[in-house]
Amino acid sequence: MSPSVHGVPGRCAMRGHCGKKGFFGKDLPCPYDGPPVVPESDKARSVLVNVCGSDFSEGPTCCTTDQVESLKENFNQVEGLISACPACRNNFRSFFCSFTCSPEQGSFVNITSTQTTQTGRIAVKSVDFHVVEQYGQGFFDSCKSVKLGSANSYAMDFIGGGAKDYPAFFQYMGDEKAIGSPFQIDFPLIPPPELDPLNSTVRNCADNGADSRCTCIDCPQICPTLPPIPLPNAGPSCRIGALSCLSFILILGYSLAVLGFLVGYIIQTTIRRRRERTYERVALSAETASPRSHPRGLVGAGSLAQYLEEESTGNQSESRHLGRGASLLDPIETVQPRQYPLNSFLRRFFYRLGLFASSSPWLNFAIVFLVIGLLNIGWKNFEIETNPVRLWVSPSSESKQQKEFFDENFGPFYRTEQIFVTASPIPDGISTNKSFPTPFAPTGHPVLSWDRLKYWFDVEADIRALRSPNGYRISDVCFKPAGPRGACVIQSLAAWFGNDLDDYEEDTWSEHLEGCAKYPAECLPDFQQPLAPHFVLGAVPEKYDGTKLYSKAEAFVVTYVVSDSLNAKVQAKAMEWEETLRDYLLELGERAPVEAGLQIAFSTGVSLEEEINKSTNTDVKIVVLSYLAMFFYVSLTLGSGTVMREEEGIISSISLWARNFPRLFKRSSVTTSALSVDSRTVPHILPRLPRSLFTGSKFTLGLFGIALVVLSVSSSVGLFSMLGVRVTLIIAEVIPFLVLAVGVDNVFILVHELDRQNFLHGPNAVTPSSQGGLTTPMSPTHSNRSPFDSSRDEVDSASMPQYLSAEERVARTLAKMGPSILLSTITETVAFSLGALVPMPAVRNFALYAAGSVLLNAILQVTVFISALLLDLKRFEAGRVDCFPCIKLPSRIALLDGPPGGSGLGRIARFIRRHYAPFLLKPIVKGFVMIIFGGAFIASVISMQHIELGLDQRLALPSDSYLVSYFDNLDAYLNVGPPVYFVSTDVDVTKRTGQQALCGRFTTCQEFSLTSVLEAERQRPESSFISEPTASWIDEFLGWLDPLKEECCRVRKSDPGVFCTARDPARLCQPCYKGKVPAWNITMNGLPENEEFMRYLDQWVKSPTTEECPLAGKASFGSALSIGQDEVIASHFRTFHSPLKSQRDFVNAFQAAHRVAEDISQRTGTTVFPYSLFYVFFDQYAHIVATTQEVLGLGLASVLIVTALLLGSWRTSTIVTGVVALTVVTVMGIMPLWGISLNAISLVNLVISLGIAVEFCAHIARAFMSAGSGLPVDHPAGQKERDERMWTALVDVGPSVLSGITFTKLIGMSVLALTRSRLLEIYYFRMWLTLIISGALHGLVLLPVVLSIAGGSGFPQQEADEEWMTNAIRNDYEYAPFRADDDSITSD
């Protein structure tokens, strides 16, 4: 109908009720073009003043008593939402009282259309309500920050539809709807000239009046300012350009050091050349007096010639290094070589042990394997720890204890089943696999359409009907905030439609969805809490003006909230239903792309633990292949040092056969049998393969060594299982790698040393007569050589026994290498054991198993492996075939004048001897090595500053896990942070001081109370990571007592000691605090305390939350309090983190929440701690940096002490420790470059880095110390002597270190590169490859250089005379220093 009344100043536009639009509608006002009317009675006036205030205490009005009563009912509906802020409450009442009752109504209200009611009367259909902009903005500002704590939201979400400005606020309030205005109210911004817009005085929440002043919670303008704090990860405050001050200082210092070195080198070179030209004659005359011509000078002094003379001959490179003992001095010139008693003791011990193991191998096997068998009995207690909390969280962890406290007092955090639905990128009709190996990328296509909506509603109906094997449904396990008879919390866009599309059509569904997304309060789900669009829609596109197109969203999210329980039976019921849901969704994921073009990604409460514990996570095939590659490499390369004659090589045999084969088809011209024919030139059909291929192989011995690795790991598992230490997946994956890396090195060292002993004293040992034909240059001096000296290709054995028994050779092998094995084993065992100091079970258990495995493996190597060495040696010397010892090959006739072609050194050793060691020990090369490694150290320290904390859950999952896609969707589409609870304990809330420490909505609350601080922190989310208003139970409870909220706290009129229930009629009840003296007020004066407080609190917690009383506590706060006997044991205050997308966000949120809790505790004097579901897993990151420093620091300290004791030199041990530290620092420097974060797994690998770095360094360091003469460090020839010793050490043990650990692990790691598991690729392949390369470079390049420059004084080889060694160990004979001799041997 056309409008019937136009607004006129000084007159009314409408008055009274004219009936309802429908049977259930609200009364509509009548058009009224007349003067205002005085209320008909004093009672009517009283009601009007009570509702609208003293402004209407006199004069006529444009409303009737019925309208005032309707206003009162409407105000009561919002009273619980806005009453906490007097400014908003009074502005709201004034606004609608002016609209309804103002005598000047006609000046700002204009009726634009009318309608006929059910009773046939004419009623208002729409009006224009003209309001001055300043008034509208003030009204909106007074209400925009008012919180609705029970829903962690704002009152504006309910009264204004979440409006962001006052026009939207007014539009929402004026729209005609069932819950709201029964007719349309429009708010034109420009009024007609004849009207005067409403321009009343608006109250501000910061005003001082009691009818305006709001608290900080609802009025940010008056909040106290918290002291500023630095943003997380803001970086160092001291910066110079793009660099931190530390980085700048390091780079500057390094640059100056390099510059100084280069300048010094240039100056030194210039001066030396000038002196050489000026004093050439003097230099030549000085040559005649050099130590080389001294009759009893330095043994091997020719090796020092490079430092005294510049001439070079073709023979110098081979004669300069004569090996161990080269610097032993004549007693006339220096002191006697020093001795180290511990070395003597260890040699005697290991000689006796080796002699026993080789003399009684089978007895040794029996004893050791009996002990090993007893240890393996512990397997009966074997258990694998799979619970993530018990695996990664220390039992003493603060977060774990807080989680347990939370679970016991408030119940466990609920379980979530979450589904992401997106448009399938796969064409319809093509099935998809449930694995997600390809990188995730948002589709960019809208997911919603009418057909898809209908399809999904059917899916949700199926889920509601799902029954587990025992018949449980979602309604049996879901979380019901309103109690057992309440509705389940299911967050789905279907809830906006009432889970039913019957009332909607293809052309109406999108309009309804857009409306619900804009105004969630109008589309309440069954559990009666507004469902904001960011909970159910993801990747919503926007128009150019910022308007969101919700119906074009790329994804929608469905979340089922399931109750958890400490009761195992209740929890098992939930898990059973979750497993049923999981199976259904897996099957749905297969068919949804075909049936509806939808792709789903999901997670259930049981998914994460199940998927993490899947065996596929370890990529079993790749790991096994990696082990096999290492096994075969070890087995096939152990026999490479076996002594053989030149013609016995495989290549030479095949070459000889190929040359002779054509002669097989030619007629021989030799017919007499008297002629001697070389059998090697006789043609054969098949090549005659060398005997060494069958007898010299050590494949069986290699497999036996590897079997000992497996046995040591097995025994360690048995031992610690017996002690109750559970196995973890890290142990299963890493320990065999680790023990193989460490143990194989020892195997190579023992086998290579035995090969050298065989070369010296075996059946084919070198004889003096065999040297006559050699033409290599003579040494400038002559000496007896140590039998353990592998730095020479041949030795003079005139003063040594030519042949020793196999048992003696094996015993000497262990006597020489046992102390070196002991050094590395003790250092590694102690270093790993220190990892047990880490309280995290996964790391602690790993450390114990690693230490036990390494120790047991070393014990097995110096006992049963020594026995195996003897048996294999006897097999070889008896000509028996490897792997098939029952087969014995006949001996071949060897000519006496045919010298062995081998040198006793493998190819690697010869390369080191002839090329690598001489090159590395050149002064200029040393300088550049120091520069390069110094630069690497500086770069690593700078890079270490960028190491991230965390472990992406996706990496811990199998590559084909359905959870990978779920986490990808979670990051892309869900813009909601996890809830966080601030738990308050040790506060007596029955006392006023306790209440004031927690509350925030009363004028006497502490300025920095718990609620006030959380609100202040919410206003700086970039540092607090808190994004939502806090649900404060204490404010809601005390507000519930307000008598103005007539439908909240009620008692019987006849007996105020009895509370009314929802069923009791209003005429029998009255507000609890009605008539109280003093009356309820925002100063808290007169509010309940002690027993009265508890009585009201018990009732509040039981009162159902309804539209009439949204402040009642049952639904919103039923689980927020732990109530004991007349006391509140603990309570929590719920809020939400801002959306957390990365591991850095989670770590920062964890740290920020703890900072906030500590601040609140200090300010209020109460105990407050934060709790969120993920905190228990991120607790490690609060301490992991300190833990890493502690573990690595203690590990390095143990390396220093152990190496100092066993090497007998603090200088050398300090250098070894420093090189080990540099190795670990380099690994840490590479971590951020390769995307490796610091977490429990990488911490374990850093401990491994320390242990393996020791393995690279220990053997070389001990060989260096054992090759000495005791020459003082400051002796003029000290530098030359150290170079001599380092050359000897490199040739002695360098090949074993290189082939035993470097190549072995590189082969294993190269296979791991094939893995599809991101966890294995990042935390094993990348990190271990870095470790191996870094360890090899530091151990074989940097360590030799530093030791040759500054290494400690060495000790002479006490077994220089083998006859002495046998007698000394057996007869406790003390060694007399070995002196130079005038007899010499050929150098090569």
Side-chain angles (χ1 to χ4, degrees), residues 323-324 354 358 633-646 648-649 690-702 704-705 744-766 785-795 797 800 802-818 820-821 861 865-880 882 899-913 1259 1263 1288 1290-1300 1303 1359 1362:
R324 188 174 293 107
S358 57
Y633 169 77
V634 172
S635 300
L636 293 174
T637 55
L638 275 182
S640 62
T642 303
V643 179
M644 63 183 71
R645 297 184 181 273
E646 184 178 0
E648 289 186 344
R691 289 166 51 84
S692 61
L693 181 63
F694 302 99
T695 61
S697 165
K698 289 185 171 57
F699 189 83
T700 304
L701 186 65
F704 184 76
V744 164
D745 194 17
N746 296 336
V747 168
F748 271 84
I749 285 175
L750 290 171
V751 171
H752 287 174
E753 175 60 23
L754 181 60
D755 285 340
R756 200 181 60 79
Q757 288 289 331
N758 293 334
F759 175 72
L760 295 173
H761 305 298
N764 297 321
V766 178
R785 306 301 300 159
S786 164
F788 289 164
D789 181 10
S790 62
S791 63
R792 302 178 48 82
D793 287 356
E794 294 85 21
V795 299
S797 49
M800 309 174 197
Q802 277 300 300
Y803 174 78
L804 294 176
S805 66
E807 290 81 1
E808 184 73 17
R809 279 174 274 150
V810 170
R812 290 170 182 272
T813 297
L814 186 59
K816 180 179 178 183
M817 289 304 175
S820 184
I821 293 174
Q861 285 172 338
F865 187 74
I866 295 299
S867 299
L869 269 180
L870 175 87
L871 298 178
D872 186 73
L873 179 58
K874 288 190 172 182
R875 174 199 60 76
F876 168 70
E877 293 181 351
R880 296 186 180 275
D882 189 26
S903 64
L905 298 176
R907 290 187 180 89
I908 296 176
R910 288 196 295 272
F911 170 78
I912 291 176
R913 178 187 186 280
H1259 300 300
T1288 300
L1290 280 174
V1291 177
D1292 235 3
V1293 297
S1296 298
V1297 173
L1298 196 60
S1299 58
F1303 293 160
E1359 67 275 15
E1362 290 198 357

Residues which pass side-chain contact (heavy atoms from CB on, under 4.5 Å) with T700, listed by chain and number, not counting sequence neighbours:
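T700 satisfies side-chain contact (heavy atoms from CB on, under 4.5 Å) with D882, C883 only.
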I need the single residue from V1293, N746, V751 that forms a side-chain contact (heavy atoms from CB on, under 4.5 Å) with M817. Which is it?
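Among the candidates, only V1293 passes.
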Of all the heavy-atom pairs spanning [X] and [Y], show the shortest one and how long it is.
X	Y	value
I912	G1294	CD1-C, 4.0 Å
H1259	S820	ND1-OG, 2.6 Å
P1295	L1290	CD-O, 3.4 Å

How many angstroms lie between atom [atom1] of [X] and atom [atom2] of [Y], to the nearest 0.5 angstrom?
X	Y	atom1	atom2	value
L701	F876	CG	CZ	12.5 Å
L873	N758	CG	CG	5.0 Å
E807	L869	CD	CG	12.5 Å

Might you work through the side chain to side chain contact (heavy atoms under 4.5 Å, CB included) test for D872 and R875, ending with a clear yes or no?
CA-CA 5 Å; D872 186 73; R875 174 199 60 76; 3.1 Å; yes
Trace of the side chain to side chain contact (heavy atoms under 4.5 Å, CB included) decision for L814 with F865:
CA-CA 11 Å; L814 186 59; F865 187 74; over 6 Å; no
Can you check whether E753 reaches L750 side chain to side chain, under 4.5 Å on heavy atoms?
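E753 vs L750: side chains apart.
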Do side-chain atoms of R809 reach the backbone of L804 as a donor and acceptor pair under 3.5 angstrom?
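It does hold such a pair.
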